[in-house]
Enquirer: 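Attaching a single structure in structure tokens format; questions to follow.
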Amino acid sequence: MPEKRTLDEFISHLYRSATRVPPDQYREWALEQLSRVIDFDAAFWGTGNEANINFHYVTQLGLDKHYAKRLKETMELNPIREAVIANLGKPVDMAEVINDEQFYHSPLYQKLFQPYGINRILASGHLDNKNGLYTLLSLYRFDREHVFTEQEKQLQQHLIFHLVSAVS
């Protein structure tokens, strides 16, 4: 497991290093850095048009190249979608949107998350008012018993702004 960083160290490192990381590698690098602050097994970072959540840029860790397509194909089934849009800037835990029993028996779980071993989801949305781009950052855990804590939710809420700002 990588060395854990304090919040201030993470933010400072993010901004100081952003200019040295090639733009096409920044998002993957930033997610790897984020894993030193919040523990997760896989992650999705998509940016696109807010109106239809059509991602123009996608970065994934711990997922295959088909994940983004599957995510888009199942978006209408995904109850976390509306919760994220309604709470931009605030992380949404899938377990707070749909109870575990319903989630693990849902077509969404069977079509999208089960094939990847995803059992816990913490997603945040960010809207850049200047350019109208929407960012979705989802962190995933494979262990059903390893729920996201309130502290981790607060960290993600604080850090999504810095992740998006540092890339620009």
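Note that the structure is predicted; figures quoted are calculated from it, not measured. Residues take their numbers from the sequence shown, with the count starting at 1.
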Enquirer: I want to check something: taking the side chain as every heavy atom from C-beta on, are E9 and V37 in contact at a cut-off of under 4.5 Å?
Expert: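 Side-chain contact under 4.5 Å: no.
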Enquirer: Can any side-chain N or O of R120 pair as donor or acceptor with the backbone N or O of F40 at less than 3.5 Å?
Expert: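 Answer holds: no.
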Enquirer: Got F10 and L163 here, is their nearest side-chain heavy-atom distance under 4.5 Å?
Expert: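 Contact flag for F10/L163 side chains = yes.
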Enquirer: Distance-only, no hydrogens or angles: does the T74 side chain make a donor-acceptor pair with backbone N or O of L77 under 3.5 Å?
Expert: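 No, because the side chain of T74 does not come within donor-acceptor range (under 3.5 Å) of the backbone of L77.
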Enquirer: Is there side-chain contact between N78 and L71, with at least one heavy-atom pair below 4.5 Å?
Expert: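 With C-beta onward as the side chain, the pair touches.
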Enquirer: Would you give me the side-chain donor-acceptor pairs under 3.5 Å for residues 59-68, sequence neighbours excluded?
Expert:
residue: Q60; atom: OE1; partner: A68; partner atom: N; Å: 3.1
residue: Q60; atom: NE2; partner: D64; partner atom: O; Å: 2.9
residue: D64; atom: OD1; partner: H66; partner atom: N; Å: 2.9
residue: D64; atom: OD1; partner: Y67; partner atom: N; Å: 3.2
residue: D64; atom: OD1; partner: Y116; partner atom: OH; Å: 2.6
residue: D64; atom: OD2; partner: Y116; partner atom: OH; Å: 3.4
residue: Y67; atom: OH; partner: Y140; partner atom: OH; Å: 2.6

Enquirer: Got a donor-acceptor contact below 3.5 angstrom from the R141 side chain to the V147 backbone?
Expert: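 Checking the backbone N and O of V147 against the side chain of R141, a donor-acceptor pair under 3.5 Å is found.
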Enquirer: Rounded at 0.5 Å granularity, tell me how far OG in S165 sits from CG in D128.
Expert: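 The distance works out to 8.0 Å.
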Enquirer: Hey, what do you get for OH (Y57) to CZ (R27), rounding to the nearest 0.5 Å?
Expert: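 Those atoms lie 8.0 Å apart.
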Enquirer: Do the non-hydrogen side-chain atoms of L34 and L137 ever get within less than 4.5 Å of each other?
Expert: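 A side-chain contact under 4.5 Å exists here.
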Enquirer: Is the backbone N or O of N119 less than 3.5 Å from a side-chain atom of Y104, with the two atoms forming a donor-acceptor pair by type?
Expert: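 Yes: the side chain of Y104 pairs with the backbone of N119.
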Enquirer: Any side-chain heavy-atom pair from F55 and T47 closer than 4.5 angstrom?
Expert: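 They are not in side-chain contact.
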Enquirer: Looking only at atom types and distance, does a side-chain atom of E152 sit under 3.5 Å from a main-chain N or O of T149, one as donor and one as acceptor?
Expert: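 Answer holds: yes.
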Enquirer: Got a sec, which residues hit side-chain contact (heavy atoms from CB on, under 4.5 Å) with R20, two or more places apart in sequence or on another chain?
Expert: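 Partners of R20 under the side-chain contact (heavy atoms from CB on, under 4.5 Å) test: S17.
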Enquirer: Could you measure the distance from the CD1 atom of I121 to the CG atom of L108? Nearest 0.5 Å is fine.
Expert: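 Reported value, rounded in 0.5 Å steps: 7.0 Å.
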